[in-house]
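The structure under discussion appears below in the form of structure tokens.
Scope of the values below: all heavy atoms of this structure, side chains included, with no hydrogens, waters or symmetry mates. For ligands, and for the atoms within them, numbers begin at 1 and follow the listed sequence. For this chain, numbers begin at 1 and follow the sequence in order.
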Amino acid sequence: MSISSQWLNRPIMKLGTCYYPEHWPENLWAEDALRMVETGLSQVRIGEFAWSRIEPDPGQFDWGWLDRAIEALHAAGLEVILGTPTATPPKWLVDAMPDMVATNEHGHARIFGSRRHYCFSHRGYRAEAARITRAVANRYGKHPAVVAWQTDNEYGCHDTVLSFSDAARLAFREWLAARYGTAMKLNRAWGNVFWSMEYRSFDEIDLPGHTVTEANPAHWLAFRRFASDEVAAFNRSQVEILRELSPGRDVVHNYMGFFTEFDHHAIAADLDVVGWDSYPLGFLDSFSFTEADKLAYARQGHPDIAAFHHDLYRGCTPSGRWSVLEQQPGPVNWANHNPAPLPGMVRLWTLEAMAHGAELVSYFRWRQFPQAQEQHHAGLLLPDSEPALGLAEAAQSARDIAMLGPVGDPPKQVALVFAYDADWVTKIQPQGKGVSALWAAFSCYSALRKLGLDIDIVPPGRPLDGYSLVVLPCLPIVPDCLVAELQRFSGQIVIGPRSGSRDADFAISDGLPPGPLRALFPGKVVRVESLRPGLTHPGKDWEIERWLEHLETAAEPEMIALDGTVACWRHRQVRYMSAWPNQEVAHAVLARVAKDAGLATHALPEGLRLRRAGNKTFIFNYSKETVHLPDTVTGDLLLGQRTLPPADVSILKAN
Ligand code: GAL
């Protein structure tokens, strides 16, 4: 396929906003809609929290206001993404069905008064969610303004995937019976002979939350798989109704950042477009970045936060259709510290999403709401309707997008393999502080991006043809389909620590780790250690820290610390990282491998990042300094300059 035919396939990215007509007097709606259009927005996401206004009393629907709100948006030419309001069940429903709420690990019920106060396993609530979905879809399913549906809102937000309720216990037992058939088989698979944990029937099995010391990790893994399946079933029950009553519309859901509590690949199988909510400054402040990075990027966000999630969620479906359903437009309200973005960042984030092939960037929210929990959360407008800092940048982004036209796909360079059960394994049994499969994936992604490479993040089993390099940063459970794909693959392969170390029921792999990957790599892990801060093995410009594996292997040691400890082994085109892939180790390994893979890399200044899309190269300056684009990055300037001020974007076209 030629570059030009590739890029004609992607529609031009749209801009939108999240709007809550129920928060504002009706006489503002038409004016708001016109201002949205003037700003260059074409889609509006509404309705996801409006249940108490749609059905104020049981069975009494008030459609009038929503009919008129949709009409006002439609009259201005805006397209509507309508949310099912199931993240906010009204008070009367909770009162009628008090056991529908989720229960936390300590046995406390999550009460009414905010949102997401429901348990995915409660069959009565699932029926209510289906009922309200059917009602809304009946009313608006064929409305010409409605182009897509969002199911619920941010499944799992506020720690709501794992519920330790009675409903969850009953459903878990059924799930176990279906998976294992007999209690005896379950006992064997989990190794329940250890500590006399054997069960005689499924009815004896509890949820793993309240044991004296840690529960069997196999028990936790089964519970996490079950809880993820419950989210998928909840979502699917809405999707089926929407497909029936609203044919031809996309069904989307908004995933979160650095969030692995359910299997996003599995839920994506029922969606048309995978959405996610991008809050780079909130995420930087809330997650495990270094204090130095938190300061250096406080107003820009770490340069790989948004890009990592764009590629993770783009990879969730074979079609690669994805959107940003919420984009931070200014300070948020929920991190420990909530600074304003540097001028330019709202536009930069928007164009970074475009470079990764987003269909939509929708700013959250249109107007800051002066009451309730999110008073300090910026909108595109201030509460008094004057422009907030993001508005002009959204408008500028709209002009940039119109000038650039459609963009194409990135070249196939690196496939990074990630699975949600990998992160469940390292959460359940970290074996050392800071050991997380998700963060191993982020670290490898970041090291690759600093080299100027384009990365696809894919689930195990996705075809690997066409890539030059495949990286498994940390993948404890390796399915057979991945081994088969890797055996067919002729490029370079990097296997990270703990990969292939567990079977599907959390036992150490037969024949020792890397288990099934021994078909590719001649060696076995005979000892693992986790290392406290300071207990390190320094190498040349990297050091072994946090996690170390000792191997018996016929492979060659390739990276050796000053004391002789091996950080990376090599057998033909396969590398095995026996050390934790922190930034320096990941860089040292991946820079070599990229060279062996024949990939051209770049020495990018701090904070500068690239992304190719068809025949265009986007360049983003996330640093607080002015930086110069290295000469190795070539092309004709379409936008910006080769010298980029802080928070600026340049775009080159292949010459
Ligand atoms: C998201 C959520 C929105 C809003 C936003 C604030 O998690 O979907 O409803 O709360 O955060 O940043």
Suppose I only count heavy atoms of E154 and a 4.0 Å limit; which atoms of ligand 1 are within that range? 1 (C), 2 (C), 7 (O), 8 (O)

Identify whether the distance between the nearest side-chain nitrogen and carboxylate oxygen of E79 and R249 falls below 4.0 Å. no

Between Q238 and T86: side-chain donor-acceptor atoms closer than 3.5 Å: yes

Which atoms of ligand 1 have any heavy atom of W334 under 4.0 Å away? 6 (C), 12 (O)

Any chance you could lay out the salt bridge (Lys or Arg N to Asp or Glu O under 4.0 Å) test for E261 and R224, step after step, and finish with the verdict? CA-CA 8 Å; E261 297 291 284; R224 283 187 171 275; 3.3 Å; yes

Please state which protein non-hydrogen atom is closest to atom 5 (C) of ligand 1 and give its distance, to 0.1 Å? Y279 OH, 3.3 Å

More than 12 heavy atoms of other residues, nucleotides or ligands under 6.0 Å from CZ of R139: yes or no? yes

Starting from atom 3 (C) of ligand 1, locate the nearest protein heavy atom and write down its residue, its atom name and how far away it is, to 0.1 Å. E326 OE1, 3.3 Å

Pair D311 + R314, salt bridge at N-O below 4.0 Å: yes

Which residue owns the protein heavy atom closest to atom 9 (O) of ligand 1, what's the atom, and how far is it? R115 NH1, 2.8 Å

Do any nitrogen or oxygen atoms of E374 come within less than 3.5 Å of a nitrogen or oxygen of ligand 1? yes

Thinking salt bridges, do R116 and E154 make one under a 4.0 Å N-O criterion? no

Does R68 pair with E71 as a salt bridge, N-O distance under 4.0 Å? no

Looking at D277, which atoms of ligand 1 are within less than 4.0 Å of one of its heavy atoms? 8 (O)

Please list, in number order, the atoms of ligand 1 under 4.0 Å from a heavy atom of N153. 2 (C), 8 (O), 9 (O)

Touching ligand 1 at all, R365? Heavy atoms, strictly under 4.0 Å? no

Can you check whether Y20 has an N/O within less than 3.5 Å of an N/O in ligand 1? no

Proximal ligand 1 atoms for F49, defined as those under 4.0 Å from one of its heavy atoms: 9 (O)

Salt bridge (Lys or Arg N to Asp or Glu O under 4.0 Å) assessment of E352 paired with R609: CA-CA 10 Å; E352 176 89 80; R609 294 292 190 272; over 6 Å; no

With heavy-atom distances below 4.0 Å as the criterion, list the atoms of ligand 1 near H377. 6 (C), 12 (O)

